[in-house]
Amino acid sequence: MSIKTICYLSFGYPTIEKSIEMAGRYIEGGCDAIEVSIPPKDPYRDSAFLQELYRVALAQTDDYSKYLEGIGRMTEQYPSTEFFFVLYHEVIMAIGAEKLGEFCEKHHIVNVISGDLHDPEAIAALRKHGVKLARSVNYKMNEDDIQRCINTDGFTYMQAFPSEGQYVKPGFEELETCIRYLRERKVSEPIYCGAGIKSPADAARVKAAGGQGFFVGSSIIKLYDTPEKLVELIREYKKAAQN
């Protein structure tokens, strides 16, 4: 059985129009879904690589209405593709939770990933429009994060592999152990894995560990200037997830 191949799109990098073009390339490669970010002004949770993508995008425009307009055009251009949002609390508040919920409902975006959104009014506004709030957990296996994954109606975003020097809770050194534990704790929604996936072999490791999908980002973003290679690499990821 294959698992879901999800490609990350840092919307606005290097421009809004280029982002829409690259979404088409992702789809040509056979991805099952696209994870779309809108650049925050304080990306404290992300790597230096992603922070640079956000900086480039915001240098073009920091008007979030233009991002929404472009994303709306993208979803209409590719109506058969599933899109997720990954958004900071800061971005959701800047747009307005009600406005974002209306946008998601109009454009059939069901899942929003936000690691730092805890405002009950904002969450209620999104859910009013059918949005499911995905939650994340990493190798710290923090109890608060686990409880959010148990209680949410969206999928769980599990860190695929720990970064160098990162704290790993003793006994949870392997992805398979983490996923099994989350299931034992009654996390019932799909578990998708991201961060640290650098090759098709890593996608195969996620599948073997029991993940139901994986996110791939930097390895394909680095191929924006060679789209043929980008398309081929996505196909390799998808093949690895099917074997």
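- Nearest approach of Gln51 to Pro43, heavy atoms of both residues: NE2-O, 3.2 Å.
- The aromatic rings of Tyr88 and Tyr44 lie perpendicular to each other, with more than 60° between the two planes, well past the 30° mark.
- Here Lys99 does not pair with Glu102 in a salt bridge; the nearest charged N to carboxylate O distance is not below 4.0 Å.
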Asp63 and Thr61: CA distance, side-chain angles, deciding distance, side-chain hydrogen bond (donor to acceptor under 3.5 Å, both in side chains) verdict: CA-CA 5 Å; Asp63 183 347; Thr61 181; 5.2 Å; no
Worked verdict on Ser37 versus Tyr8 for side-chain contact (heavy atoms from CB on, under 4.5 Å): CA-CA 8 Å; Ser37 71; Tyr8 171 73; 2.7 Å; yes
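- For the pair Glu35 (side chain) and Leu9 (backbone), a donor-acceptor distance under 3.5 Å is absent.
- Atom CD of Glu76 has more than 12 neighbouring heavy atoms from other residues, nucleotides or ligands inside a 6.0 Å radius.
- Distance alone, capped at 3.5 Å, places no donor-acceptor pair between the Glu17 side chain and the Thr15 backbone.
- Of the possible polar contacts, one joining the Ser47 side chain to the Leu50 backbone as a donor-acceptor pair under 3.5 Å is found.
- Looking at Asp62, its side chain never comes within 3.5 Å of a backbone N or O of Leu58 through a donor-acceptor pair.
- Shown here for Asp153 and Arg127, the closest heavy-atom pair between the two residues is OD1-NH2, 3.5 Å.
- A 4.5 Å side-chain heavy-atom check between Phe83 and Ile71 finds every atom pair outside the cut-off.
- For Lys41, the NZ atom sits in a packed shell: over 12 heavy atoms of surrounding residues, nucleotides or ligands are nearer than 6.0 Å.
- Ile109 and Val131 get closest at one heavy-atom pair: O-CG2, 4.3 Å.
- When every heavy atom of Glu189 is checked against every heavy atom of Arg183, the shortest pair comes out as O-NH1, 2.8 Å.
- Checked against the 6.0 Å centroid criterion, the rings of Tyr13 and Tyr54 do not qualify as a close aromatic pair.
- The shortest side-chain heavy-atom distance between Leu117 and Leu87 does not fall under the 4.5 Å cut-off.
- In the hydrophobic clustering of this structure, Tyr157 does not group with Val110; members are Ile, Leu, Val, Met, Phe, Trp, Tyr whose side-chain heavy atoms approach within less than 4.5 Å, directly or through other members.
- Rounding to the nearest 0.5 Å places CG of Asp145 at 11.0 Å from CD of Gln159.
- In this structure, Glu174 places its CD atom where only 12 or fewer heavy-atom neighbours from other residues, nucleotides or ligands lie under 6.0 Å away.
- Salt bridge annotation for Glu69-Arg73: present, with a cationic side-chain nitrogen under 4.0 angstrom from a carboxylate oxygen.
- The aromatic rings of Tyr224 and Tyr26 are tilted relative to each other, their planes meeting at an angle between 30° and 60°.
- The shortest side-chain heavy-atom distance between Val36 and Phe84 does not fall under the 4.5 Å cut-off.
- Within the 4.5 Å cutoff, no side-chain heavy atoms of Asp202 are placed close to those of Phe214.
- Residues Ser65 and Tyr67 have side chains not in contact (no heavy-atom distance under 4.5 Å, counting atoms from C-beta outward).
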Steps toward side-chain contact (heavy atoms from CB on, under 4.5 Å) verdict (Arg185, Ile150): CA-CA 7 Å; Arg185 292 292 305 276; Ile150 293 169; 3.9 Å; yes
Intermediate values then yes/no, side-chain contact (heavy atoms from CB on, under 4.5 Å), Cys178 and Met141: CA-CA 8 Å; Cys178 295; Met141 296 301 282; 4.1 Å; yes
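- Met22 is listed as a side-chain neighbour of Leu230, based on a closest heavy-atom distance under 4.5 Å.
- Closest non-hydrogen pair, Tyr64 versus Pro40, comes out as OH-CA, 3.8 Å.
- If you check the side chains of Glu82 and His108, you find no donor sitting under 3.5 Å from an acceptor.
- Using a 4.5 Å heavy-atom threshold, the side chains of Leu133 and Ile113 count as separate.
- Residues Phe161 and Lys198 form no side-chain contact, since every pair of their non-hydrogen atoms from C-beta on lies 4.5 Å or further apart.
- The environment of NZ in Lys66 is sparse: at most 12 heavy-atom neighbours from other residues, nucleotides or ligands sit within 6.0 Å.
- Scanning both residues, Pro14 and Lys18, for their nearest heavy atoms gives CD-CG, 3.3 Å.
- Distance check, rounded to the nearest 0.5 Å: SG of Cys193 to CG of Leu175 gives 4.5 Å.
- Without hydrogens or angle criteria, Arg148 side chain to His118 main chain gives no donor-acceptor distance under 3.5 Å.
- A centroid separation of less than 6.0 Å is found between the aromatic rings of Phe155 and Tyr192.
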From CA spacing to verdict: side-chain contact (heavy atoms from CB on, under 4.5 Å), Lys128, Glu98: CA-CA 9 Å; Lys128 183 176 72 174; Glu98 180 67 29; 3.0 Å; yes
